[in-house]
Amino acid sequence: MGNDKMPKKNPLSAQINLSKFNSFMFEKASDEEKRQQDVMSESTTFFKDGMRKLFKNPLAVGSIVVLGLILITIIVAPMIVPYHYEEILSVDGVRDKGAKNLAPFTYSKLEQQYIDNGGYRFPHIFGTDEQCRDYFVRVVYGTRVSLIVGFFASIIVLFLGMLYGSISGYLGGKVDLIMMRIVDVIYSLPDMLIIILLSVVLQTILNFSPGSLLASLGTNMISLFIVFGLLYWVGMARLIRGQILSIKQNEYILAAKSIGAPTGMIIKRHILPNCLSVIIISTALQIPSAIFTESYLSFVGLGVQAPMPSLGSLANAARGGLQSYPYKLMFPALAICLIVLSFNLLGDGLRDAFDPKLKK
Amino acid sequence: MSKTPLVEVKNLKQYFPIKTGLFKTEMLKAVDDVSFYINEGETLGLVGESGCGKTTVGRTLLHLYEPTAGEILYEGTPVTEKNIFSMRKKMQMVFQDPYSSLDPRMTVEDIIGEPLDVHKLYSSRGERREKILHLMELVGLNAEHATRYAHEFSGGQRQRIGIARALAVDPKFIVCDEPVSALDVSIQAQVINMFEELQEKLGVAYLFIAHDLLVVHHISKRIAVMYMGKIVETGTADDVNYNSIHPYTCSLMSAVPIPDPDYIRGRKRIVLEGDVPSPLHMPSGCPFRTRCNHACEKCAEAMPPLTDRGNGHMVACWVK
Ligand SMILES: Nc1ncnc2c1ncn2[C@@H]1O[C@H](COP(=O)(O)OP(=O)(O)OP(=O)(O)O)[C@@H](O)[C@H]1O
Ligand SMILES: [Mg+2]
């Protein structure tokens, strides 16, 4: 505090008039206080930071909640509801022929009688279908099937695409050139046409002995996986190749080389962790597109086999009685919309939260 | 030169094949016949405008690019693909861009620890941590920040992390590729002073690359000036700065801002005319002749060799 004299204020200046304060009001910051200014903001890892951003995004949080609810429903509901998806309703061992196309939360005559006599019937939350089956259970199973197809198809796509893309991207040069031309050819095929052709062909080729696990999945389901695997990995392969090419350009890869790090270590320590977020994001976006395609194929009759329901085939079945029972189309359609929309919003949220290029 | 220099480069060439047509590849001569030496604990400054091949010299020197031709000697032994792994413990590099040269997914501790991991320079985790903290202290980083991620640091701090990584293997020679050009002027001075302090403490030699003559003059004992892949003038820092002979060096010198108005008034600014020729289509003879006001017929015929103008001051020019 050597300088006791306060500078005089210029009458026109907007500066604070220091002479109005006593000099003892100001104390120079001690070294320790200065050092406190040096403290950096709260440390965040890339993952924590991304998660924080994700949970600040209301759309992403909303879609996580919706997906969570759907997931709980498809796991828990079949345990609670005493009907099976292929079970034709019966009361006391007698087939209930009147339980056809019931509206939600109504009972057939036979059931009503049974309840009046003191028995208990679980309500038909979504009503029943043409063949006297509980519709709620069918929609729940359909959602299950669609989600399973979505997940597995995406995993197949991810696996093939990652393998192909990382080889092509890392090796570069002529190998990359040839591998990418193959991808271009597959990419240029009209995918819907190929999917339809393949499903038709595969249905006749794939014949599993009845009773085996594969047969219980149904040839259609298997052929769906093959179709997805064959066609949709190219997008993923391109994406991952591009990602690896751009990561390879970074000076930290060169720095690792200048240290003497071997290739395997460079891939494991630097390249893979840096493209992980892109892989997760694009897988999240792949799921709804697989679900959508599955629904579409089931809708045109090339998807999963009856009596196993899928959202697409349920919607197709509901088309017949559309004028009398419009709500039957509404339930599976709503489920498809909710799932696809939630995954898309979640994928967008993940991208906003984790894409390093969007970081300042 | 009585003793063998620490690092010696002889007729180094680095040509990049560039696709110019569907089936045509041409050679881009990024570095063409460059020779220099660096003694132990000494700094050689390398200057030249953007794109003249400075980075390429540094990277080829460390075998990050396979040299097209020429020899690199470390204490008299040739550096080859075979012994490069052990050489990486003796020669290191600090990169130009402090933002892209640190992996955003790694903590400072792991970045600095990576060379230790690669060369297995510790016997226990405790020793590893101790070494890392020592290195952080050496470059003026707060040891508490060891578990932070690189993206949380400022440019100057990031460059310090890069320097600590280079120092981790205790090298005797470091290529500093424009280590300060991406930093604020105020921070540049700090980092340059740190480079000098480290040299005093550890006795490392630098190849200090920059395009700023003042910076290079400050830190180097000798300077080499590059133009289009060739060294056109080399000598002691003072000779190159105050007695520059090559027209290109003179024009570089005249562009240096000097905080002395009287001097400025008396000085004539040499403004180069014309553009830098494309590195794919180099002019015949001296590459500088297209922009040189002293150029004569001889310059178009052959590249002038570096000739000694006394006191080891070598200049490649026919005219001057
Ligand atoms: N890997 C590469 N492949 C092809 N050409 C390259 C490669 N690296 C550099 N070059 C070319 O070599 C020339 C010299 O580049 P270099 O990066 O060494 O210049 P520089 O002097 O470091 O420039 P700056 O001051 O901008 O960093 C440039 O024309 C550049 O385009
Ligand atoms: Mg450079």
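To find a chain, count down the sequence lines: A is the first, B the second, and so on, and within it residues start at 1. Atoms considered below: every heavy atom in the structure, side chains included; atoms not considered: hydrogens, waters and symmetry mates.
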Most heavy-atom pairs under 4.5 Å with chain A, out of B/Asp110, B/Ile111, B/Asp117, belong to B/Asp117
Proximity breakdown for B/Glu114 and chain A, heavy-atom pairs closer than 4.5 Å:
both
Got A/His270 and B/Met106 here, is their nearest side-chain heavy-atom distance under 4.5 Å?
yes
Taking all non-hydrogen atoms of both residues, which atom of B/Ser101 and which atom of A/Ala255 are closest, and how far apart?
O-CB, 4.1 Å
So, taking the atom named OG in A/Ser258 and the one named CZ in B/Arg88, what distance separates them when rounded to the nearest 0.5 Å?
6.5 Å
For A/Arg181, does the CZ atom sit with more than 12 other heavy atoms under 6.0 Å from it, leaving out its own atoms?
yes
Does any heavy atom of chain A fall under 4.5 Å from the side chain of B/His63, the backbone, both, or neither of them?
neither
Partner chain B: residue of A/Asn250, A/Ile247, A/Leu254 with the largest heavy-atom pair count (under 4.5 Å):
A/Leu254
I need the B/Met93 CE to A/Glu251 CD distance, nearest 0.5 Å.
7.5 Å
Calculate, to the nearest 0.5 Å, the distance between atoms CD1 and CG belonging to A/Ile271 and B/Asp103 respectively.
10.0 Å
Just wondering, are more than 12 heavy atoms of other shown residues or ligands nearer than 6.0 Å to CD in B/Glu26?
yes
As an exercise, state the distance from CZ of B/Arg105 to CG of A/Leu272, rounded to the nearest 0.5 Å.
11.0 Å
Give a yes or no on whether B/Phe85 atom CZ has more than 12 heavy-atom contacts from other residues, nucleotides or ligands under 6.0 Å away.
yes
Counting heavy atoms not belonging to A/Phe152, are there more than 12 under 6.0 Å from its CZ?
no
Choice from B/Val175, B/Thr107, B/Leu102 maximising heavy atom contacts with chain A below 4.5 Å:
B/Leu102
Other residues, nucleotides and ligands only: do more than 12 of their heavy atoms fall within 6.0 Å of OH on B/Tyr74?
yes
Taking atom CD1 of A/Ile253 and atom OG of B/Ser100, what is their separation to the nearest 0.5 Å?
10.0 Å
